[in-house]
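Taking it in order: structure first as structure tokens, then the write-up.
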Amino acid sequence: MNRRRHLPDDDPPHDDDFNAFRQALEAAGVRRLNTNRADTGKPKPAIADKAARRKAAVESQTLNATGRTSDGRVEAVRPSEYLEFSLPDLPWRTLSQLKRGRTAWQAGLDLHGYTLEEARLELESFLRDASARGLRCVIVVHGKAWGATADFPVLKSHTNAWLREWPGVLAFCSATDADGGTGALYVLLKKPGRG
């Protein structure tokens with residue numbers, strides 16, 4: 001369907017209209033822009049600052065390449081929000097048993113007291129160790145506390161994202177009340193020898 005644009009007036013505008021418009025702008029105090037860059041009111045960073053920022057960015061990318069989880073922005077979750085994740089081909093019965101706390105966990109990690117980066121490294125180390133030991137189910141306690149500089153539970157939100165990225169995780173869900181409720185996660189790991 002071909003639609004023709006509707007123009008308000010097919011007649012060319014008159015010079016009188018332009019002059020009246022310009023005069024109205026001048027009377028309102030509107031001034032012509034001399035540059036197309038916004039002035040933020042902040043001093044421009046020195047060249048040395050740019051080089052230092054670039055170096056720090058490269059180093060952080062190198063650090064991230066060694067780990068398996070990201071440390072970027074994550075989706076914020078509520079303190080009492082129930083978390084759940086599973087691979088699409090995981091049997092329903094297996095996930096159901098995990099959610100009811102019927103899959104016994106064999107090791108646990110408590111992330112309370114860690115900074116965000118320390119928590120990420122501890123979680124990665126814990127998951128590698130659990131996989132090496134052939135553990136099937138572990139528990140991770142992330143808590144529900146709000147971050148000092150954020151209006152959401154930072155460790156809980158990041159743990160939710162990190163576990164979804166970890167290649168050895170088949171599923172996870174918030175624990176039963178007896179094991180920490182929405183402040184902890186049961187994590188189901190791949191059986192040893194499976195890709």
Side-chain angles (χ1 to χ4, degrees), residues 38 40-42 45 49 52-92 94-103 105-131 135-190:
T40 62
K42 296 179 183 176
D49 291 344
R53 283 198 315 268
R54 179 171 286 141
K55 181 180 176 192
V58 169
E59 287 173 358
S60 73
Q61 287 174 354
T62 305
L63 177 64
N64 284 344
T66 62
R68 300 298 291 262
T69 55
S70 69
D71 62 352
R73 292 183 172 263
V74 297
E75 183 179 337
V77 297
R78 294 181 313 276
S80 60
E81 185 173 342
Y82 182 88
L83 300 180
E84 180 181 330
F85 164 83
S86 68
L87 295 180
D89 57 346
L90 186 74
W92 175 86
T94 304
L95 181 59
S96 177
Q97 288 178 332
L98 185 70
K99 289 166 69 171
R100 290 183 298 174
R102 299 272 171 89
T103 306
W105 52 273
Q106 301 150 301
L109 172 67
D110 188 347
L111 296 175
H112 284 102
Y114 289 111
T115 65
L116 189 59
E117 182 60 19
E118 290 169 344
R120 182 172 72 91
L121 295 173
E122 281 295 318
L123 181 62
E124 288 180 355
S125 176
F126 175 71
L127 292 174
R128 272 193 291 273
D129 182 55
S131 294
L135 303 183
R136 181 77 168 133
C137 183
V138 296
I139 190 168
V140 176
V141 179
H142 47 67
K144 300 187 275 188
W146 294 63
T149 59
D151 58 353
F152 61 94
V154 175
L155 282 179
K156 179 174 181 172
S157 299
H158 278 80
T159 302
N160 179 42
W162 294 333
L163 289 174
R164 290 170 191 268
E165 297 172 353
W166 193 260
V169 172
L170 293 175
F172 65 83
C173 64
S174 291
T176 61
D177 288 340
D179 285 328
T182 56
L185 294 168
Y186 296 132
V187 182
L188 188 66
L189 301 172
K190 289 182 180 177

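Along the sequence shown, residues carry numbers from 1.
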Over all heavy atoms of both residues, which pair between L189 and L127 is shortest? Give the atoms and the distance, please.
CD2-CD2, 4.1 Å
With side chains defined as the heavy atoms from C-beta onward, is the minimum distance between L123 and L109 less than 4.5 Å?
yes
Show your working on side-chain contact (heavy atoms from CB on, under 4.5 Å) between W166 and R128 and close with a plain yes or no.
CA-CA 10 Å; W166 193 260; R128 272 193 291 273; 3.7 Å; yes
Any donor-acceptor pair under 3.5 Å linking the side-chain atoms of Y186 with those of T176?
yes
Restricting to non-hydrogen atoms, name the atom on P153 and the atom on K144 that form the minimum distance, rounded to 0.1 Å.
CB-O, 3.7 Å
Sub-4.5 Å side-chain heavy-atom contact between V74 and N160:
no
Where the side chain of Q106 meets the backbone of L135, is there a donor-acceptor pair that is under 3.5 Å apart?
no
Any side-chain heavy-atom pair from R136 and L170 closer than 4.5 angstrom?
yes
Considering only heavy atoms from C-beta outward, does the side chain of L111 approach that of V140 to under 4.5 Å?
yes
Separation between CZ (F152) and OG (S157), nearest 0.5 Å, reads 5.0 Å
Between atom CG of L155 and atom OG1 of T115, what is the distance when rounded to the nearest 0.5 Å?
8.5 Å
Drop me the distance from L95's CG to R100's CZ, to the nearest 0.5 angstrom.
10.5 Å
Walk me through it: do K156 and T182 pass the test side-chain contact (heavy atoms from CB on, under 4.5 Å)?
CA-CA 9 Å; K156 179 174 181 172; T182 56; 3.6 Å; yes
Minimum heavy-atom distance between A171 and L90, given as atom pair plus value:
CB-CD2, 3.6 Å
Contacts table for residues 80-87: side-chain donor-acceptor under 3.5 angstrom, sequence neighbours left out:
{"unit_1": "E81", "atom_1": "OE1", "unit_2": "R78", "atom_2": "N", "d": "3.0"}
{"unit_1": "E84", "atom_1": "OE1", "unit_2": "K99", "atom_2": "NZ", "d": "3.2"}
{"unit_1": "E84", "atom_1": "OE2", "unit_2": "K99", "atom_2": "NZ", "d": "3.4"}

For the OG atom of S125 and the CD atom of E122, what is their distance to the nearest 0.5 Å?
6.0 Å
Quick check: do H158 and L116 have side-chain heavy atoms less than 4.5 Å from each other?
yes
Pair F172, L188 - check side-chain contact (heavy atoms from CB on, under 4.5 Å), show working.
CA-CA 6 Å; F172 65 83; L188 188 66; over 6 Å; no
Quick check: do C173 and L185 have side-chain heavy atoms less than 4.5 Å from each other?
no
Pair V187-I139, side-chain contact (heavy atoms from CB on, under 4.5 Å): steps then yes or no:
CA-CA 6 Å; V187 182; I139 190 168; over 6 Å; no
